[in-house]
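Right, one structure below, let's go through it.
All residue numbers in this chain count up from 1 along the given sequence. Note: hydrogens, waters and symmetry copies are ignored here, and every other heavy atom, side chains too, is used. As the structure is a computational prediction, the values presented were derived from the model and not from experiment.
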Amino acid sequence: MSSKITTINPATDEQIATYDYMTDAEARDAVQACHDAFLDWRLKSTEDRGRLLRAVAKELRNSQEDFAQLMTQEVGKLIGDSRQEVELCAQICEFTADNGPAELADEERSIPDGTGVVSYAPIGVIYGIQPWNFPCYQVVRYSVANLMAGNGVLLKHAENCTGSGLFLRDVMERAGLPKGLFTVLMVDHDQSDKVIENDLVRGVTMTGSDTAGRIIAKKAAENLKKSVLELGSNDAYMVLDDADLDVAVDACVMGRVYNNGQTCVNAKRFIVTEKNYDAFVKRFAEKMGAIELGDPTEDSTKLGPMARTDLRDELAKQVDESLKKGAKALCGGAIPERTGAYYPATVLVDVKPGQPAYDDELFGPVASVIRAKDDEDAMRIANDSRYGLGGGIFSRDADRARELASKYFDTGMISVNGFTIAIPNMPFGGVKDSGYGREHGGFGMKEFVNVKSIYMM
């Protein structure tokens with residue numbers, strides 16, 4: 001293994017920067033420093049923590065353009081999406097500051113001959129292992145909730161966005177966060193296992209593939225530490241018999257190519273009833289095929305590169321295997337001849353079980369369109385997945401769609417007649433191989449706390 005981390009611009013294949021891995025001793029010292037900072041931070045009131053998070057929000061907005069440019073350089077995000085990501089993170093800080101004191105306040109309950117108190121106490125250092133697709137948001141999503149809860153936070157970021165992790169640390173410290181309380185660890189996988197084993201680390205949260213999630217969950221369980229996992233999905237978006245096709249087509253195109261198709265809750269499988277299948281496919285393929293690849297730093301670009309060439313090559317391999325097993329590409333479907341980790345907007349039809357396009361997560365701008373006989377069959381196909389993170393329903397009958405979402409759709413987040421990624425006041429998380437635990441909506445603040453029962457007699 002190299003002794004350095006090297007970041008590469010996926011649009012140009014040019015080197016951005018290099019960083020040294022920590023030694024084992026440096027990593028242990030960093031964990032200790034985070035714990036030491038936690039010992040003071042845990043004693044601050046939730047109102048004081050909230051004031052500091054509002055300062056972080058302000059500093060994020062002050063640094064928005066520099067941060068956005070760095071994220072686009074490191075992972076190829078469209079520059080407009082990078083700017084929106086920083087603003088979303090500022091809003092998460094503000095939501096947490098506004099709602100944290102009430103969420104974490106003591107609760108009193110009646111008990112025989114006295115009063116019961118339920119208290120939410122911070123537990124210590126929380127270790128986050130995060131991916132590259134949202135270099136700021138993925139980190140803010142877990143770290144801000146845990147900072148509000150009174151915990152310390154460690155970050156092992158994806159290596160290709162190391163600079164973004166360090167940038168966020170500097171933002172937080174400029175806003176006044178105590179040094180060491182939010183610590184970036186530049187460590188390899190073996191060192192990461194030792195971090196999980198460290199007695200000062202009390203919880204582990206990870207976003208990534210289900211393969212990696214199993215490894216992290218096993219290591220955390222071996223050390224009797226709670227974990228929260230968000231592991232991606234092959235999210236199903238159902239176009240039912242009574243769907244408005246104008247709404248469905250536009251939302252499905254946006255849902256598939258948002259963030260260059262590299263979002264855990266992107267729309268990925270499009271399940272369309274026979275009544276609408278031909279019309280939907282024609283219009284959907286036309287719109288997807290018209291999307292041109294371009295420079296992610298240009299505001300007019302609609303689809304930039306994928307984050308790394310190895311990720312692009314893996315996606316191409318999944319498409320090729322699906323085509324060999326009977327799928328058909330209506331547009332795209334091949335690596336273009338150009339510099340960078342680019343892959344075109346692609347629509348696959350004749351998608352069946354046994355193909356990667358049906359069974360697996362295609363983490364890039366590739367849409368799998370699946371024909372269903374009717375609404376009931378569409379729901380069956382949607383649930384015929386080992387994953388369950390996001391999904392969507394298109395129907396003119398909003399009440400029926402809501403009932404289908406709440407009673408029958410086996411997934412964590414459902415959009416009705418639209419596409420949504422994350423909103424601070426709504427819970428975020430999945431079921432089945434998409435992981436467990438919830439973030440956002442106040443839920444994340446209580447994932448890593450000691451829920452104490454105090455009996456006042």
Side chains of [X] and [Y]: is there a donor and an acceptor less than 3.5 Å apart?
X	Y	value
T162	T7	no
S434	R386	no
Q318	D360	no
S192	Y127	yes

Can L200 and Q32 be said to form a side-chain contact (heavy atoms from CB on, under 4.5 Å), step by step?
CA-CA 7 Å; L200 298 179; Q32 182 68 56; 3.4 Å; yes
Start with the C-alpha gap between Q191 and D24, add the side-chain angles, then the distance that decides, and say whether side-chain hydrogen bond (donor to acceptor under 3.5 Å, both in side chains) holds.
CA-CA 7 Å; Q191 290 175 309; D24 289 351; 2.9 Å; yes
E274, CD: over 12 other non-hydrogen atoms inside 6.0 angstrom
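Yes, CD of E274 has more than 12 neighbouring heavy atoms, counting only those of other groups under 6.0 Å.
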Side-chain donor or acceptor of [X] paired with backbone N/O of [Y] under 3.5 Å:
X	Y	answer
R256	A267	yes
N146	Y142	yes
S119	D106	no
N383	D410	yes
R42	N151	no

Plane angle bin for F134 and Y137 - parallel if under 30°, tilted between 30 and 60°, otherwise perpendicular
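Aromatic pair Y137/F134 classed perpendicular.
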For F428 and H440, take the angle between the two ring planes, folded into 0 to 90°, and tell me which bin it lands in: parallel under 30, tilted 30 to 60, perpendicular over 60.
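It falls in the perpendicular class, over 60°.
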Side chains of [X] and [Y] in contact at under 4.5 Å (non-hydrogen atoms):
X	Y	answer
L303	N260	yes
L177	L147	yes
L240	R400	yes

Worked check of side-chain hydrogen bond (donor to acceptor under 3.5 Å, both in side chains) between D241 and T273:
CA-CA 6 Å; D241 278 351; T273 61; 2.7 Å; yes
Roughly how far, to the nearest 0.5 Å, is the CG atom of L315 from the CG atom of L362?
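Atom-to-atom, L362:CG and L315:CG are 6.0 Å apart.
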Residues in salt bridge (Lys or Arg N to Asp or Glu O under 4.0 Å) with K44, at least two apart?
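Applying salt bridge (Lys or Arg N to Asp or Glu O under 4.0 Å) to K44 gives none.
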Considering residues at least two apart in sequence or located in another chain, which fulfil the side-chain hydrogen bond (donor to acceptor under 3.5 Å, both in side chains) criterion with N259?
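By the side-chain hydrogen bond (donor to acceptor under 3.5 Å, both in side chains) rule, N259 matches K77.
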Would R312 pass as a cation-pi partner of Y343, given that its NZ or CZ must be under 6.0 Å from the six-membered ring centre and within 45 degrees of the axis?
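Judged by the rule, R312 and Y343 form no cation-pi pair.
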Find out whether the Lys NZ or Arg CZ of K4 is both under 6.0 angstrom from the six-membered ring centre of Y21 and within 45° of the ring's axis.
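Ring-cation test returns no.
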Chi angles and distances behind the side-chain hydrogen bond (donor to acceptor under 3.5 Å, both in side chains) call for E108, T115
CA-CA 7 Å; E108 293 190 358; T115 300; 5.2 Å; no
Do F363 and W132 make the cut of ring centroids closer than 6.0 angstrom?
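Yes, the ring centres sit under 6.0 Å apart.
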